Number of protein chains: 2
Amino acid sequence: MERLLKTMKIGINEKIYLKDPESSDLGKRILEHSINLINEIGFENFTFRKLGTLIGSNESSIYRYFENKHKLLLYLSSWYWGWLEYQLVLATNAITNPSEKLKKTIEIFTKKTEIDSSFPHINEVLLNRIIINEYSKSYLTKEVEQENKDGYFEIYKRLIERISQMITNVNADYKYPASLASTILEGSFHQYFLQEHFPSLTNCDENNTPSAYFNDLVFKSLK
Amino acid sequence: MERLLKTMKIGINEKIYLKDPESSDLGKRILEHSINLINEIGFENFTFRKLGTLIGSNESSIYRYFENKHKLLLYLSSWYWGWLEYQLVLATNAITNPSEKLKKTIEIFTKKTEIDSSFPHINEVLLNRIIINEYSKSYLTKEVEQENKDGYFEIYKRLIERISQMITNVNADYKYPASLASTILEGSFHQYFLQEHFPSLTNCDENNTPSAYFNDLVFKSLK
DNA sequence: GCAAATATAATAGTATTACTATCAAATAAT
DNA sequence: ATTATTTGATAGTAATACTATTATATTTGC
């Protein structure tokens, strides 16, 4: 995968970090290796101390970039949603037929993630796994109300609103475009989780992709 | 709401607890007040020490019932799924028409929870909120593989398999009964979460219930 | 009604987590 | 070359997530 706009940077709400991790070498190493470490040991077991040891840096230095690991997770997920939005716009912008556009959108959200060489310090494949396994934890908190006001979920919300709009463009009479958009997004990540850990609770596997399931679901709904 | 089978007890995998909390007064107080406290401060901030203070008991006494708060969450959710299964069977058993049966099932999963006076130490309304806000955390862990083998999610899985079977009974040719069943279950709880915290990401509100949305979704899919 | 068994409470202690503060050393900018 | 900025090292605190021990109730069996 090759990026078209070489100078593009995923724009993330500045309140999420104390110091922009994209602005320094240490910052980029924090991003790169936090993705590896969270994948390896899970978000609950992940600590800044362990990350510091891993990258040969100091715990206190990491705290200068992020207040805590929750903020780091918000950063990583915002990055992911921003990246996905970029993929989405790139893949669907030229399509004029609303159904084709929506079909492509479902594909973008449900297909297997591939490495994007444009961002060498971000492993999108592992980041996708973090979204599947940890993203819910970033909003299932007592602070969600305030953090939503602070705009920490804006890219995610914008993505769903985009899908919602595309649904309406296919069928303006459909009554639940936002709900269906949310279902597609959360649901497709959940189907991947089930595939790995609870295969009896899904029909998705090598032959039946989540893509096929959601295409069926969405287009029957909009008929 | 009145229970028909007075002696019924929700059966929970014995490996989840060290000592059956239903077997003593302290155990029941642990269940009752953990539901209140988790609702109030959230699962992350909840500790056995705080719970002990609240119920005028000792931290170490609570540890004799549950290894840790994760196990307590597994207990509470198993109880909830068992209770829902009971509601489901009761409400649908007599229905012979497969479509009617499935319609009733969707209603059971999406309707607002009401207090069940049969279990005075369990507040089902608050427990429902815990499921909405905390259940994902019980399986989004590094231990999910082992805990699944140990049977900690069996009631949840059985519930989804029941819905899946009902879907197949309506349309035997439908290719994704398990995936759709998972989508109904996770999705309906998620729609309630969105209603409360991200209303722009759902069309469900006082007038448009999640029930209506999922009925539309499911029956169009099965046509 | 009493002894034995069991359940609960009180206290203390450990390792880890989630930070904050301070100061020194390295690096970059002017 | 001086100053400012960034990073590293060390130490310290309060809270968490437990375990262990012993004392005190309470229940049960005979």
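What you see is a predicted model, and the numbers here were worked out from it, not measured in a lab. What's counted below: heavy atoms across the whole structure, side chains too, no hydrogens, waters or symmetry copies.
Counting non-hydrogen atoms under 4.0 angstrom, B/Thr47 reaches the backbone sugars and phosphates but no base. Note on B/Ser57: only backbone sugar-phosphate atoms sit closer than 4.0 angstrom, heavy atoms only; bases stay farther off. The residue B/Ser60 sits close to a base: some heavy atom pair falls under 4.0 Å. A/Phe66 comes within 4.0 angstrom of nothing in the nucleic acid, heavy atoms only.
Whole-Å rounding puts the A/His70 NE2 to C/dC19 P distance at 11 Å. Going from atom CG of A/Asn58 over to atom P of C/dA26 covers 15 Å, rounded to whole Å. If you measure from atom CG of B/Asp25 to atom P of C/dT8, you get 9 Å, rounded to the nearest angstrom. We find that CZ of A/Arg64 is positioned 13 Å from P of C/dT22, with the value rounded to whole Å. Summarising the geometry, the separation between NZ on A/Lys71 and C1' on C/dA18 is reported as 15 Å, rounded to the nearest angstrom. Between A/Glu44 atom CD and C/dT16 atom P the separation is 18 Å, expressed in whole Å. Between the CG atom of A/Leu72 and the C1' atom of C/dC19 there is a distance of 15 Å, given to the nearest Å. Summarising the geometry, the separation between NZ on A/Lys50 and C1' on C/dC19 is reported as 16 Å, rounded to the nearest angstrom.
Residue B/Tyr65 has a polar side-chain atom (N or O) positioned under 4.0 Å from OP1 or OP2 of C/dT8. Of the side-chain N and O atoms in A/Ser24, none sit less than 4.0 angstrom from OP1 or OP2 of C/dA28.
For an aromatic pair to be called close, the ring centres must be under 6.0 Å apart, and A/Tyr156 with A/Tyr152 fails this. Aromatic pair B/Phe189/B/Trp81: centroids less than 6.0 angstrom apart.
The OH atom of A/Tyr65 lies 8.5 Å from the OG atom of A/Ser57; values are rounded to the nearest 0.5 Å. A/His33 contributes atom NE2, which lies 8.5 Å from atom CG of A/Leu51 (distance to the nearest 0.5 angstrom).
Taking 4.0 Å as the cut-off between side-chain N and carboxylate O, B/Lys71 and B/Glu67 count as a salt-bridged pair. In summary, B/Arg29 and B/Glu32 do not engage in a salt bridge, as defined by a charged side-chain N under 4.0 Å from a carboxylate O.
Legend: residues meeting side chain to side chain contact (heavy atoms under 4.5 Å, CB included) with A/Asp20, ordered by chain and number and at least two apart, are A/Lys9, A/Tyr17, A/Glu22, A/Ser23, A/Tyr75. In terms of the salt bridge (Lys or Arg N to Asp or Glu O under 4.0 Å) criterion, residue partners of A/Glu59 (sequence neighbours excluded) are, by chain and number, A/Arg49.
Residue-to-nucleotide proximity on DNA chain C shows that, of B/Arg49 and B/Leu26, the 5′-proximal contact is made by B/Leu26. The 5' end of DNA chain D is approached more closely, in terms of each residue's nearest nucleotide, by A/Glu59 than by the other of B/Phe48 and A/Glu59.
Of the candidates C/dT11, C/dA7, C/dA18, the closest approach to any side-chain atom of B/Lys19 belongs to C/dA7. Listed nucleotides C/dT8, C/dC19, C/dA10 differ in distance to A/Asn68; the shortest reach to its side chain belongs to C/dC19.
First and last contacts of DNA chain D with chain A, using any nucleotide atom under 4.0 Å from a protein heavy atom and ordered 5' to 3', fall at D/dT6 to D/dT10.
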